Amino acid sequence: MDRAQLIALLDRQDGAYQACRAALTGGSPFKIFDGSLPASQFAAIYRVREIHTRKKGIPTVGFAQAVEALYALGEQPLQIGNVELAEPPYYFQLFFSAETSAVVACIGVGLQHQYRR
């Protein structure tokens, strides 16, 4: 998948999708990984991560909505990818339909806390 295709898949008007689309448009690097797992497995993993980020006060965008979307997809196989924004430091986790024809969930996590140590 090339950059233009990925930007086109981020067509929702919510905050995580818009921020990720802007990062890609600005040239941020991205990766899409081979292999898939059922959405339910991603949902369980990311529910724990969402609780952790909330407790630690780590800024996020779209996290709770993405976890709910993953639970709703049940056993549907999904692939993952990511986009890394340098400034401000943000990491976007993308969840794709198995054939990567749609982004079904997008999470943004601020990485500013990593630089405060």
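Please read these numbers as outputs of a predicted model, since none were measured by experiment. The chain is numbered in sequence order, starting from 1.
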Tyr90: partners by ring pair (Phe, Tyr, Trp, His ring centres under 6.0 Å), with sequence neighbours left out: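 With neighbours one apart ignored, the set is Phe92.
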Heavy-atom check, side chain of Pro38 versus side chain of Gln76, under 4.5 Å: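 No. Closest side-chain heavy atoms not under 4.5 Å.
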Residue pair Glu50 / Thr60, side-chain heavy-atom distance below 4.5 Å: no
Where is the tightest heavy-atom contact between [X] and [Y], given as atom of each residue plus distance?
X	Y	result
Val67	Ala43	CG1-O, 4.0 Å
Pro29	Arg3	CA-NH2, 4.4 Å
Glu75	Ser40	OE2-OG, 2.7 Å

So if you build clusters from Ile, Leu, Val, Met, Phe, Trp, Tyr with side-chain heavy-atom gaps below 4.5 Å, do [X] and [Y] land together?
X	Y	value
Leu10	Phe30	yes
Leu37	Tyr71	yes
Leu78	Phe33	yes

From [X] [atom1] over to [Y] [atom2], what is the distance, rounded to the nearest 0.5 angstrom?
X	Y	atom1	atom2	result
Leu94	Ile32	CG	CD1	7.5 Å
Phe63	Gln93	CZ	CD	8.5 Å
Leu111	Ile58	CG	CD1	9.0 Å

Positive for side chain to side chain contact (heavy atoms under 4.5 Å, CB included) with Cys20, one of Val83, Leu6, Val61: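 Single side chain to side chain contact (heavy atoms under 4.5 Å, CB included) partner of Cys20 among Val83, Leu6, Val61: Val83.
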N/O donor to acceptor pairs below 3.5 angstrom from side-chain atoms of residues 95-109, sequence neighbours left out:
{"from": "Ser97", "atom 1": "OG", "to": "Glu99", "atom 2": "OE2", "distance (Å)": "3.1"}
{"from": "Ser97", "atom 1": "OG", "to": "Ser101", "atom 2": "N", "distance (Å)": "3.1"}
{"from": "Ser97", "atom 1": "OG", "to": "Ser101", "atom 2": "OG", "distance (Å)": "3.3"}
{"from": "Ser97", "atom 1": "OG", "to": "Ala102", "atom 2": "N", "distance (Å)": "3.2"}
{"from": "Glu99", "atom 1": "OE2", "to": "Ser101", "atom 2": "OG", "distance (Å)": "2.8"}

Side-chain (Glu68) to main-chain (Gln65) donor-acceptor, under 3.5 angstrom: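 No; judged by distance alone, with no hydrogens or angles, the pair does not exist.
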Side chains of Ser36 and Gln79, donor plus acceptor under 3.5 Å: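 Gln79 and Ser36 do not have a side-chain donor-acceptor pair below 3.5 Å.
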Side chains of Tyr91 and Asn82, donor plus acceptor under 3.5 Å: yes
Verdict with reasoning, Arg54 to Arg49, per side chain to side chain contact (heavy atoms under 4.5 Å, CB included): CA-CA 9 Å; Arg54 194 169 6 97; Arg49 291 180 181 180; over 6 Å; no
Pairwise side chain to side chain donor-acceptor pair (under 3.5 Å) hits with a residue in residues 18-33, at least two apart: Gln13-Gln18
